[in-house]
Amino acid sequence: MVASAPDIDALRPWITVTFDRSGGPGGQNVNKLSTRATLLFDFERCPALAEPQHALIRTRLARRLSTDGQLRLVAQSSRTQEANRKDAERRLIELLTQALHVPRSRRPTRPTAASRRRRLQDKQRRSTVKQSRRGGDDA
């Protein structure tokens, strides 16, 4: 089963973005502008995701959940609110895509007859080489 993350436009009604002052370098821009974007996604109430997907998000992204159970992302690498908001939304889609991915189960297979024969021939060849290196008792 391969479940893809929904489009950001389908998730927007359940996304809340707040802006506050960013830390780190940036001069006066940091001190007077609120550019850090904090994105909260209320995935529990989002009908675009099925209940099994809610469970996957809860378990795989547990460290990113806020105290009220919303998925939380912070973006502060840019100097503008718009760029940080877009970065947070892009990362949300990436996280959901990774969290909702269910790998296909592997079907065990057997080696072919030709590969078994080649393996045994290689083993026999190595055995012959090693026997020839032993040498005799010339003492």
Side-chain angles (χ1 to χ4, degrees):
M1 173 182 140
V2 177
S4 63
D7 185 47
I8 192 70
D9 294 327
L11 303 178
R12 276 222 174 83
W14 295 274
I15 291 176
T16 307
V17 180
T18 58
F19 298 98
D20 51 355
R21 292 199 177 138
S22 178
Q28 287 299 309
N29 199 49
V30 171
N31 298 333
K32 59 185 181 179
L33 298 177
S34 297
T35 57
R36 179 175 71 176
T38 303
L39 183 144
L40 293 172
F41 174 50
D42 192 3
F43 68 93
E44 294 286 354
R45 295 192 313 157
C46 181
L49 301 171
E51 184 52 42
Q53 292 175 322
H54 291 176
L56 282 174
I57 292 171
R58 251 184 260 115
T59 56
R60 293 181 177 174
L61 299 176
R63 295 181 64 207
R64 291 186 173 270
L65 297 182
S66 64
T67 53
D68 57 348
Q70 295 185 10
L71 188 60
R72 182 176 186 269
L73 284 124
V74 176
Q76 61 180 359
S77 61
S78 179
R79 293 174 60 109
T80 65
Q81 286 183 352
E82 185 64 21
N84 283 331
R85 183 187 58 77
K86 284 186 179 184
D87 183 42
E89 289 176 350
R90 180 190 53 78
R91 287 177 33 217
L92 172 68
I93 293 299
E94 285 177 7
L95 276 173
L96 290 178
T97 302
Q98 289 174 359
L100 298 178
H101 176 72
V102 179
R104 288 189 308 169
S105 59
R106 182 188 177 279
R107 254 184 30 203
T109 58
R110 291 195 174 126
T112 63
S115 68
R116 285 194 301 261
R117 190 170 46 254
R118 280 193 305 270
R119 179 178 157 274
L120 292 175
Q121 286 172 349
D122 286 344
K123 284 171 70 85
Q124 184 63 45
R125 197 172 305 122
R126 292 298 301 156
S127 173
T128 307
V129 167
K130 289 184 177 192
Q131 281 178 355
S132 69
R133 288 181 188 158
R134 274 193 208 151
D137 287 314
D138 294 336

Would you be so kind as to tabulate the donor-acceptor pairs closer than 3.5 Å made by side chains of residues 124-132, with sequence neighbours excluded?
| residue | atom | partner | partner atom | Å |
| --- | --- | --- | --- | --- |
| R125 | NH1 | D122 | OD1 | 2.8 |
| T128 | OG1 | Q124 | O | 2.9 |
| S132 | OG | V129 | O | 2.7 |

Which heavy atom of F43 sits nearest a heavy atom of R58, and at what distance? CZ-CG, 4.1 Å
When clusters are formed by joining ILVMFWY residues with side-chain heavy atoms under 4.5 Å apart, either directly or through shared neighbours, do L49 and L40 land in the same one? no
Between CD of Q70 and CD1 of I15, what distance do you get to the nearest 0.5 Å? 10.5 Å
Nearest-0.5 Å distance, CG of residue L61 to OG1 of residue T59: 8.0 Å
Is the CZ atom of R106 crowded by more than 12 outside heavy atoms at less than 6.0 Å? yes
Hey, are the side chains of L71 and W14 touching, using non-hydrogen atoms and a 4.5 Å cut-off? no
Note: R116 and P111 closest approach over all heavy atoms is NH1-O, 2.9 Å
Nearest heavy-atom approach of I93 to I8 is CD1-N, 3.9 Å
Does the side chain of F41 reach to within under 4.5 Å of the side chain of L96, using non-hydrogen atoms? yes
Minimum heavy-atom distance Q76-S22, with the two atoms named: OE1-OG, 3.2 Å
What do you reckon, is CZ of R60 surrounded by more than 12 foreign heavy atoms closer than 6.0 Å? yes
Check whether any side-chain N or O of R72 sits under 3.5 Å from a backbone N or O of S66 as a donor-acceptor pair, and report yes or no. no
Acceptor/donor pairs from residues 84-92 side chains to any protein atom, 3.5 angstrom cut, sequence neighbours excluded:
| residue | atom | partner | partner atom | Å |
| --- | --- | --- | --- | --- |
| N84 | OD1 | S77 | N | 3.3 |
| N84 | OD1 | S78 | N | 2.9 |
| N84 | ND2 | T35 | O | 2.7 |
| N84 | ND2 | S78 | O | 3.1 |
| N84 | ND2 | T80 | O | 3.4 |
| R85 | NH1 | E89 | OE1 | 3.1 |
| R85 | NH1 | E89 | OE2 | 2.9 |
| R85 | NH2 | E82 | OE1 | 3.2 |
| R85 | NH2 | E82 | OE2 | 2.2 |
| D87 | OD1 | R90 | NH2 | 2.4 |
| E89 | OE1 | R12 | NH2 | 3.0 |
| E89 | OE2 | R12 | NE | 3.4 |
| R90 | NH1 | E94 | OE2 | 2.7 |
| R91 | NH1 | V74 | O | 2.9 |
| R91 | NH2 | V74 | O | 3.3 |

For the atom pair CG (L95) and CD1 (I57), what is the distance rounded to the nearest 0.5 Å? 9.5 Å
H54 backbone acceptor or donor facing E44 side chain under 3.5 Å: no
